[in-house]
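In what follows, a structure is listed as structure tokens, so that the remarks can point back to it.
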Number of protein chains: 2
Amino acid sequence: MAVRFVRKLEKYGRLSKTECQVIVDVSQNTRKIAARKSILHEDENSQKSCVILSGLACRYKIFEDGARQIVGFLVPGDFCEGYAHQPEYHLGTLSQCLIAYLDNDALAGIMDEYPRISRNLWRTSKAEAAVLREWLVNIGRRPADKRVAYLICELCTRLDGSDVDVAGGCALPVSQIELADATALSTVHINRVLSRLRDNKLVTLQRRSITIKDLGRLKAYAQFQDAYLQLPKSA
Amino acid sequence: MAVRFVRKLEKYGRLSKTECQVIVDVSQNTRKIAARKSILHEDENSQKSCVILSGLACRYKIFEDGARQIVGFLVPGDFCEGYAHQPEYHLGTLSQCLIAYLDNDALAGIMDEYPRISRNLWRTSKAEAAVLREWLVNIGRRPADKRVAYLICELCTRLDGSDVDVAGGCALPVSQIELADATALSTVHINRVLSRLRDNKLVTLQRRSITIKDLGRLKAYAQFQDAYLQLPKSA
DNA sequence: CGAAAGGTTGAAACTTCTCAAGCAGGGTGG
DNA sequence: CCACCCTGCTTGAGAAGTTTCAACCTTTCG
């Protein structure tokens, strides 16, 4: 996740010509349906991995009582693997997505042939863990307003690092429900937080698009440091 | 982290004879000092990794205001890498530990020589991410009592999977302060939670040791499933 | 146009935190 | 050897943040 994989994608592109099964997953426009309709059910497809080529997706865990915790977003370029041992986790789309699937057996063969691939996958996984740590800290230690602001900073920064242009504003197909599930807050509270952030002229999130007047101010407010994302340009 | 590395440790053992610098880090008995005294400061030693051979350690992030969030515990056999891009993270001991340090340059050389190492490191990193996801869900979606119970289940299960014998009770050098920092609760609340768990005869945590009358009952209460730890025997 | 999903608002309840004070025990110095 | 001190644990009470419930509004989509 997290790390931009332009270079890596080229590699995967090379691989996909021979090994990958590229599938267009045209999910419904309705976000909720799209999110509920998972594209990688672990119990069914744990032997597959995928790369997000376009669109926005997320990983989430569903509890028996229906509660959901989103544990990460996936932007174009992100690699995502099935969790063989965690059937309660799913991968779902938040918008129309183009996704390249990759059979895990094929991946194993590729790693044998190209040793650098497994090293890159290690990097990928470490980057994902770095993001998870930040989410943990964010949910664990920050109050609601900064928590939401921080998540928005991360999403925008990662989108900006992929193919999306996030200057001042862009499409962000995330509903308040999904924001709530990602930040471990209730939807009602998310709503109040967003209106406060809007009143404070920090960020406006409406109609599936986001407007940030002053990204620097938002980052400062959220105490957001992008080093953990290990973006090429952040160095 | 998370995954038992008995087999892997043998490999590291082989490596350490030639490449690793094995250092005994005898931290003070006082837990707090030990925890505060980090053993891998990112700004200083980001080019080093290590393997915990014995004892209990943790990773944590410190905020400017002194708040701390523990993002993971390390039990014997766990591999731990420096975070070059996240200087606010540290690695600290919770008890006397024996730690093998490994220079990252040496590690890179080893990976060139033994391609399977990088694949194993990928596995390691994926296992760490799996644990982080569970922590995220735990902190995000579970009420305080179950949250603490869940963490205790994880710690005991992982310790049981390393060299420690956890039948009914064992040493657990974790203070209430550290539990609070790991579960994103206040120490006062941790105290009340622990006394409730004790009253309900689920778990007793006193004097640096833990007593569990009925582990199955505790796991059921915490809704703990150990599949994500990918223990050899859990299959 | 109607239905369904998501967004908005208010009020009450609940969980958790903060502040504050006191207790317990282990290690250290007199 | 004892007293002291420091750290961690315990307890109470009030405050704060967040959730829940419920109703209503708005937008989207068929």
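Protein chains get the first letters and strands the later ones, always in sequence-line order, with residue 1 at the start of each.
Taking side-chain N and O atoms only, Asn191(B) has a distance below 4.0 Å to OP1 or OP2 of dT10(D). Regarding contacts with the backbone of dT7(D), every side-chain N or O of Gln176(B) stays at 4.0 angstrom or more from both OP1 and OP2.
Classified by interplanar angle (parallel below 30°, tilted 30° to 60°, perpendicular above 60°), the ring pair Trp135(B)/Phe73(B) is tilted.
Side chain of His189(B), nearest nucleotide from dG26(C), dT16(C), dT19(D): dT16(C). Each of dG10(C), dT28(D), dC19(C) was ranked by its minimum atom distance to the side chain of Val188(B); first place goes to dC19(C). The Arg207(B) side chain lies nearest to dG26(C) when the options are dT10(D), dG26(C), dT20(D).
Using a 4.0 Å cut-off between charged nitrogen and carboxylate oxygen, Lys126(B) and Glu128(A) do not count as a salt-bridge pair. Asp214(B) and Lys201(B) are not joined by a salt bridge, as no carboxylate oxygen comes within less than 4.0 angstrom of a charged side-chain nitrogen. Using a cutoff of 4.0 Å between basic side-chain nitrogens and carboxylate oxygens, Arg141(B) and Asp181(A) are scored as salt-bridged.
Rounded to an integer number of Å, the gap from Leu185(A) CG to dC14(C) P is 20 Å. dG8(D) atom C1' lies 13 Å from atom CD of Gln206(B), rounded to whole Å. Atoms CZ (Arg208(B)) and P (dG8(D)) sit 9 Å apart, rounded to a whole Å. Rounded to whole angstrom, the span from the NZ atom of Lys146(B) across to the P atom of dT16(C) amounts to 12 Å. Across the protein-nucleic acid pair, Leu194(B) atom CG and dG8(D) atom P stand 15 Å apart, rounded to whole Å. As rounded to whole Å, 11 Å separates atom P of dG7(C) from atom CZ of Arg198(A). Following rounding to the nearest Å, Glu178(A) (CD) and dG7(C) (C1') show an atom-to-atom distance of 13 Å. Rounded to whole Å, atom P of dT15(C) lies 16 Å from atom CD1 of Ile190(B).
With no hydrogens or angles considered, a side-chain donor-acceptor pair links Glu134(B) and Tyr89(A) at under 3.5 Å.
If you check every strand for non-hydrogen atoms under 4.0 Å, Ala184(A) touches sugar and phosphate atoms only.
Nearest-nucleotide mapping onto DNA chain C: of Val193(B) and Thr187(A), the residue sitting toward the 5' end is Thr187(A).
One donor-acceptor pair, N or O on each side, does fall under 3.5 Å between the base of dG12(D) and the side chain of Arg192(B).
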